[in-house]
Amino acid sequence: MSQYEPREIEGRWQRVWADEGTWEVPNPGTGEDRAERPKAYVLEMLPYPSGEPHVGHLKCYAVGDAIAHFRRRNGFEVIHPMGYDSFGLPAENNAIKTGEPPLDATRKSIESFRRQFTDWGISIDWSRELATHEPDYYRWTQWIFLRLFEAGLAYRDRAPVQWCPEDATVLANEQVIDGRCERCGTEVETRNLDQWFFRTTAYAEQLLEDFERLDSWPEHVITMQRNWIGRSEGAEVTFRCEEAGIDFPVFTTRPDTLFGATFFVLAPEHPALEELVEGTPAEEPVREYVNASARASVEERGDEDRPKTGVPLGRSVINPVNEEEIPMFVADYVLMDYGTGAIMAVPAHDERDFAFATEFDLPVRQVIEPDRDSSPEEGELPYTGDGPMINSGRFDGQFNRDAYREIIDWLTEEGRGEAAVNYRLRDWLVSRQRYWGAPIPMVHCESCGIVPVPEADLPVLLPEIEDYAPRGKSPLEAATDWVAVDCPACGGPARRETDTMDTFVDSSWYFLRYLDPGNVEEAFSREIVDHWMPVDQYIGGVEHAILHLLYARFFVKALADDGRLTVREPFANLFTQGMITRDGAKMSKSRGNTVSPAEYVARYGADAARTYVCFMGPPERGGDWTDEGVEGVHRFLARLWRLADDLEVEPAPLGEGLPAQPDGPAREILSKANWAIDKATRDFERDFQFNTVVAAVMELVNECYRLRDELSGDPEGLACLRFATATAASLIQPFAPHLAAEVYEKLAGERVWEQPWPEPDPELLKSDTVTLVVQVNGKVRGRIEVDEAVAEEELLQLARAEENVARHLEGTETVKEVVVPGRLVNLVVRPA
RNA sequence: GCGGCUGUGGCGGAACUGGUAGACGCGCAGGCUUCAGGUGCCUGUGUCCGCAAGGACGUGGAGGUUCGACUCCUCUCAGCCGCACCA
């Protein structure tokens, strides 16, 4: 007896797909008119090639491939490309440790990823493959940098930045988690350095508004981005320091509490500090305080529970609403990063200001009375709720929310403030003092300043060097021949920019390059990109909910404004897959609980591994990997294979030989097959319920086994069995494409991936009789099998006649009869 | 603290717009096949009482709406994730 040999089957079909270039799709205008069909851009986040793929990759690409197959068979022209996010720190850190050049390690890893993706049988259009470290690619990353520079969206600035002492590089705000470096966990320091930024803040408003343009994104991802952008409405109000002659604008969300401001605080990094205290008795203590807070780690400073610290400046500002003089302080609870780096402090109505006032024994003036309805404990400060205003001049007695607008209007009239919107979002710091990244295409000239490299001179090639170790400046500084360059503007001696770009830059536009990967004239043709974009379905991990997805959205908006493409949002639908754990814990090498997909693919086949990750549970949720689980799925696939293998039939089109009026087991199996088609289709379309799609096919296979002996007797029965088995193969194809191809070919003589997705036959979907549940007072007391067309009157009679039901009706009178067609009968009774 | 998500058998999870709770898989038990193990095929499997028929209980907890609630409402508990001195 023969046996299911997945590796043999899989290898054979993979060869067919490779030889025929089955998954390659042409661009519009290339002569082939397949593009008549509606397009679907199915995209999984491109992998960072480091070592070998892990189960997370398997899940991501298995899910994406299932979607791609499903869309293809529903008549879409599916573009499904693959590439590698191949610049980045791990390759470089490996180089520092082992001396192996990042390029070599990266190539090896890409090789391994490519081989496994092929082994898994993912339906990739390999003609579009790209890697972001290749000059053909990063040439255009550099080109986009130049476009952003020209548009004023890329700029260089000295700024306090997050510095990781371990990796010896600057980090983006987004890469600092709890005051620690996202990569190595080292506490981050603050340094003042010249850095390159992208002006993401210019799009803050659009990045928020355009959530409207998205079809379907997980709500929590939108929420996370919304919080990250952190839009607050309020007012900017100017406080003037007469002695120093400086105006200090502050941002406040509570202009209604202006009358309660009793002091004023600057952040330690505030640029006006020095001027304010120079030559005064406060100079020394302030300097000490500023230095101390500069030394303090971000984490220390961020601790909310730490007592408030600060130093008086010996200066004061005038409160514009009441001309009152209030004292100035420097304190590190005020952040230079947010708002204007200066605040008006209203201790009566702000917890932080209250804590500071308590610490420094400053006056607290209440200007809003607690609303008696909402807050029973009156008079307790700080009070952050709403209520009528007091101690607020002509606004006294007004409800604070009503006065809000009036105060802003009044400030505007007086020229002392205006309505303002503030964002938490910062500009994106993109320069890195590291080697393995795309060089920033800029030149520093002594006489011309910063000069962009002319487009014609791109790419600025990453030079080969010996020593990759960072020394607080880019390792590229050592490539002296490369650094020395003639100024593109004046021809004089100049130096190249030695910083490289954050790898998130590379991955912010790769989905555009896939569409036109061979273009040597431009990054991509607008026509082609407009044809394919947006990505119809994007798939990846939630860990990119903020960074990557926000940056890619920013890029598309900036490129659209530059006239390079039409869409304003790159990803119409987003699906975030949950993480697979092992023994309930996140997989990690140090814990020793990693799962090597290659091992399971070798043992059970790619089809089993892929189907398993889709069957574990809803793919957006995580799941715990168990060997028994994979085995179970393997067993199911083997059952399906054996079912087909044992069937002694000649291949023929599916509908052939079926009985015209099926009854008995023929009817049963055909009904089940059509039920499975219907169920699988609906669950596919509804939120990627892949686990229940697989379960439906399992049920169909189980039914085939159950009815197999009865059906094997005559040709019509065999045809039914053949239909049901081939249908099971057809439905499992998005998950187990090799096995499906094998079985379908044997039974139908056709290529399953070329078949349209099956449609259920409505006639076979419904059965003549239905089983109704009969309840008495809401409790199930019996079941009756009835003709579907039976009248309600007769139905109730049948229900009452059911033995067990009748017993429960004894000695009662009926209060109410509920009939739900096709479902149940509920008799509501009470003792007679 | 703010925002979001999740609580269902021994385990992963089903249950579409309120209508048979536990599909499907794992695990476990039994039978057949087999010299035996494994594989394969079949049956059973929420808990408790009962030989059975049947009954009681049951979706984190407490209330409520309803003929009927895993599903809707109110309160509450637990766990996970994100953000967090954001003015």
Side-chain angles (χ1 to χ4, degrees), chain A residues 1 3 177-178 218-228 230-232 234 250-254 257 265 267 301-306 308 331-335 337-346 349-353 355-356 422-425 542-543 545-546 579 612 615-618 620-633 635-636 638-639 642 679 682-683 686 689 691-699 701-702 705-706 708-709 771-783 803-804 807 815-829:
Chain A
M1 203 178 111
Q3 217 193 330
I177 313 289
D178 291 335
E219 202 48 52
H220 66 277
V221 172
I222 293 180
T223 306
M224 278 163 76
Q225 288 208 4
R226 220 175 234 134
N227 291 343
W228 189 261
R231 183 182 197 275
S232 318
V250 301
F251 174 76
T252 176
T253 52
R254 296 294 303 275
T257 64
V265 190
R301 233 186 109 171
D303 185 1
E304 262 175 271
D305 301 328
R306 194 180 53 127
K308 296 278 177 285
D332 65 5
Y333 81 94
V334 175
L335 310 173
D337 262 6
Y338 187 78
T340 60
I343 62 153
M344 64 161 192
V346 184
H349 305 291
D350 181 280
E351 284 172 20
R352 298 148 300 171
D353 296 344
F356 190 86
N422 199 53
Y423 300 94
R424 208 186 73 104
L425 182 73
V542 237
E543 63 272 22
I546 298 175
M579 199 175 45
Y612 173 59
F615 180 64
M616 291 170 80
E620 75 269 19
R621 276 198 248 166
D624 204 57
W625 179 282
T626 64
D627 289 4
E628 291 83 358
V630 199
E631 281 164 26
V633 170
R635 205 172 301 150
F636 153 66
R639 262 162 81 78
R642 219 175 307 113
K679 167 87 176 150
R682 280 187 293 118
D683 287 355
R686 177 169 64 99
Q689 289 261 318
N691 51 329
T692 54
V693 175
V694 176
V697 183
M698 286 174 167
E699 282 195 57
V701 170
N702 289 346
Y705 269 85
R706 192 173 73 82
R708 172 156 75 153
D709 291 343
T771 305
L772 289 191
V773 164
V774 184
Q775 299 181 332
V776 178
N777 286 342
K779 288 190 197 273
V780 181
R781 296 303 181 189
R783 278 152 233 274
E803 200 188 331
N804 196 41
R807 193 165 42 224
V815 178
K816 189 171 181 178
E817 292 167 332
V818 181
V819 177
V820 182
R823 292 243 180 230
L824 56 73
V825 174
N826 188 14
L827 304 167
V828 187
V829 300

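Worth knowing before you read on, the calculation uses all heavy atoms, side chains too, and leaves out hydrogens, waters and symmetry mates. Here the structure is a predicted model, which means the values were calculated and not measured.
- Which of B:A14, B:G27, B:G55 sits closest to the side chain of A:N804 comes down to B:G55.
- Distance noted for atom P between B:U71 and B:G61: 11 Å (whole Å).
- A donor-acceptor pair under 3.5 Å is formed between the side chain of A:N826 and the backbone N or O of A:G778.
- Here the separation of B:G4 from B:A14, taken at their P atoms, is 23 Å to the nearest Å.
- Between the C1' atom of B:G54 and the CD atom of A:E803 lies a distance of 11 Å, rounded to the nearest Å.
- Only the P atoms considered, B:U17 is 42 Å distant from B:G30, to the nearest whole Å.
- Looking at heavy atoms from C-beta onward, A:L824 lies out of side-chain contact with A:L772 at the 4.5 angstrom threshold.
- Along RNA chain B, the nucleotide nearest to A:M224 and the one nearest to A:M616 differ in position, and the one closer to the 5' end is contacted by A:M616.
- In terms of position on RNA chain B, the residue among A:T626 and A:Y333 whose nearest nucleotide sits closer to the 5' end is A:T626.
- Backbone-only engagement by A:Y705 is indicated by non-hydrogen atom pairs under 4.0 Å involving sugar-phosphate atoms exclusively.
- Within 6.0 Å of CD in A:E817 there are more than 12 heavy atoms belonging to other residues, nucleotides or ligands.
- One cannot find a donor-acceptor pair under 3.5 Å joining the base of B:C83 and the side-chain atoms of A:N227.
- A salt bridge is absent between A:K308 and A:D353; no separation between the charged side-chain nitrogens and carboxylate oxygens falls under 4.0 Å.
- A:D683 comes within 4.0 angstrom of no nucleic acid atom, judged by non-hydrogen atoms across all strands.
- Nucleotides B:G12 and B:A23, compared at atom C1', are 13 Å apart to the nearest Å.
- Atom C1' of B:U20 sits at a distance of 16 Å from the matching atom of B:C67, rounded to the whole Å.
- Within the nucleic acid shown, A:N826 comes within 4.0 Å of at least one base atom, counting heavy atoms only.
- Under the 90° criterion around 0 for the glycosidic angle, B:G18 counts as anti.
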